[in-house]
There are 2 protein chains.
Amino acid sequence: MRPNKRDELVSKALEVFYRDGFHATGMDKLVVETGVSKTSMYKHFRTKEDLILAALRLRDENFRTWFMRRVSELADTPADQLVASFDALGEWFEEDGFRGCMFIKAGAEFQEKSHPIHLQAAEHKRLILIFYTDLARQAGARNPEALGCQLLLLKEGAIVTAVLVKSCDPAKDAKAAARVLLDSALS
Amino acid sequence: MRPNKRDELVSKALEVFYRDGFHATGMDKLVVETGVSKTSMYKHFRTKEDLILAALRLRDENFRTWFMRRVSELADTPADQLVASFDALGEWFEEDGFRGCMFIKAGAEFQEKSHPIHLQAAEHKRLILIFYTDLARQAGARNPEALGCQLLLLKEGAIVTAVLVKSCDPAKDAKAAARVLLDSALS
DNA sequence: TCCAATGTTTACTGATCGGTACATCTTGTC
DNA sequence: GACAAGATGTACCGATCAGTAAACATTGGA
């Protein structure tokens, strides 16, 4: 039960769950794709739910790390970073394997509010909200909580729209909207 | 094969798919919940996919009818209707059985862009986008396509946030954002 | 009343679901 | 090299998946 082996399994499972969905991905498929045996899989993870939770934890870490780093690379001041975050999103949308937000999908497939997977998806969004609220506060917004939530709306809407609506350029429109909302929150 | 019987089945299937998800809902469960036999079910619908598509068609009709009617009840001018649409959304979020947007969930569970279910979900979003773009044009926005898309972002973001983030009042924040964006698009 | 057509039910198919019992292999220790 | 302990693979569990064949019930017209 080498710990790095476990990490490998989580990483591969994350990839397959993200690509094919949670209910649509059986443990047998994961066993084939990872090359490990079913018994080994269940030595590392008590249930499929445990594996999904581990994959979501990894995804949360990966995404937020990438997102925050990229935002800080793209702009220097909090105000500019608020706006630049939508450029970062736009880069993500253009990636080959882009399939929308894993946590929106997790929340959609496990809808009970008390379900551990639903709760973990909600926790990710809470952390993103905090990220935006902090930036809004540092930028000097009159009501950082309200602006943070509005930026979260734009981000989530942009992701959904990037998946489902071809005739839009959601990253561009969200960025423009963010600038307007920021200006309005500062004046 | 009375046609109203078929409508009954679609209506019940819609309810169960919306509550429990698509992959998580087996035909056997639907057979039990509708009280009809499995063979009858498959006389009305060639495959499960056909049933899902029929349910989505009904949902599209129901939702857009309700949404547009409610918006026109809540305000008179196009500009006010743009803003009031988020009050309508807020009413929806407060309903007992609210479980987010069925089309976001359909797009999440059937991710291939060429899949008929994915395409139908995308079509619904396209119609909503047209609704907002038309209102933006009637309201006199400088760039109705851009404002329409931004309002769509707010709407989709508000739905996702209403499902996953408890600490927000997304309908309220989206409404405030819509007003700011509208003002900016008019001046 | 008989027949044909239509709708419905029961009972089943092979495949796959999440999960496990048990045999086998590998590895560190003496 | 002997042996115990942990990791791995094989082969299976009952339940459920989407879908179907064939018997049965119902209903219309002649």
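Letters go in sequence order (proteins before strands), and every chain restarts at 1.
Atom pair B:D28:CG and C:dT10:C1' shows a separation of 14 Å (rounding to whole Å applied). One interatomic measurement links the two molecules: CZ of A:R46 to P of C:dG18, which rounds to 15 Å at whole-angstrom precision. Nucleotide C:dA15 holds its C1' atom 14 Å from the NZ atom of A:K29, rounded to whole Å. In this entry the distance linking NZ of A:K48 with C1' of D:dT16 reads 13 Å, nearest Å. Residue A:L30 contributes atom CG, which lies 15 Å from atom P of C:dT16 at whole-angstrom precision. Atom-to-atom, CD1 of A:I52 to C1' of C:dC17 comes out at 13 Å; the value is rounded to the nearest Å. Between A:Y42 atom OH and D:dG6 atom P there is a gap of 23 Å when expressed in whole angstrom units. The separation between A:F45 atom CZ and D:dT8 atom C1' is 15 Å, rounded to whole Å.
Of the candidate nucleotides D:dT8, C:dG18, D:dT20, D:dT8 has the atom lying nearest to any side-chain atom of A:S37. For B:K38, whose side chain is taken as the heavy atoms from C-beta onward, the closest listed nucleotide among C:dG19, D:dG9, D:dT20 is D:dT20. Taking the side chain of B:M27 as heavy atoms from C-beta on, and the options D:dA18, D:dT8, C:dT9, the nearest nucleotide is D:dA18.
Stacking of B:K12 on the aromatic ring of B:F17 is not recorded, the 6.0 Å distance cut-off and the 45° axial limit not both being met.
You'll find the side chain of A:V36 stays beyond 4.5 Å of the side chain of A:H44, heavy atoms only.
The line from CZ of B:F67 to CZ of B:R64 is 11.5 Å long, rounded to the nearest 0.5 Å.
Using modelled atom types and a 3.5 Å distance limit, the side chains of B:T47 and B:Y42 yield no donor-acceptor pair.
Along DNA chain C, the nucleotide closest to B:S40 and the one closest to A:G26 are compared, and the more 5′ of them pairs with B:S40. Judged by closest nucleotide on DNA chain C, B:T39 is the one of A:E49 and B:T39 placed further toward the 5' end.
B:K43 has no side-chain polar atom (N or O) that falls below the 4.0 Å cut-off from OP1 or OP2 of C:dG7.
Of the charged side-chain nitrogens involved, none lies within less than 4.0 Å of a carboxylate oxygen, so that B:E15 and B:R59 do not count as a salt-bridged pair.
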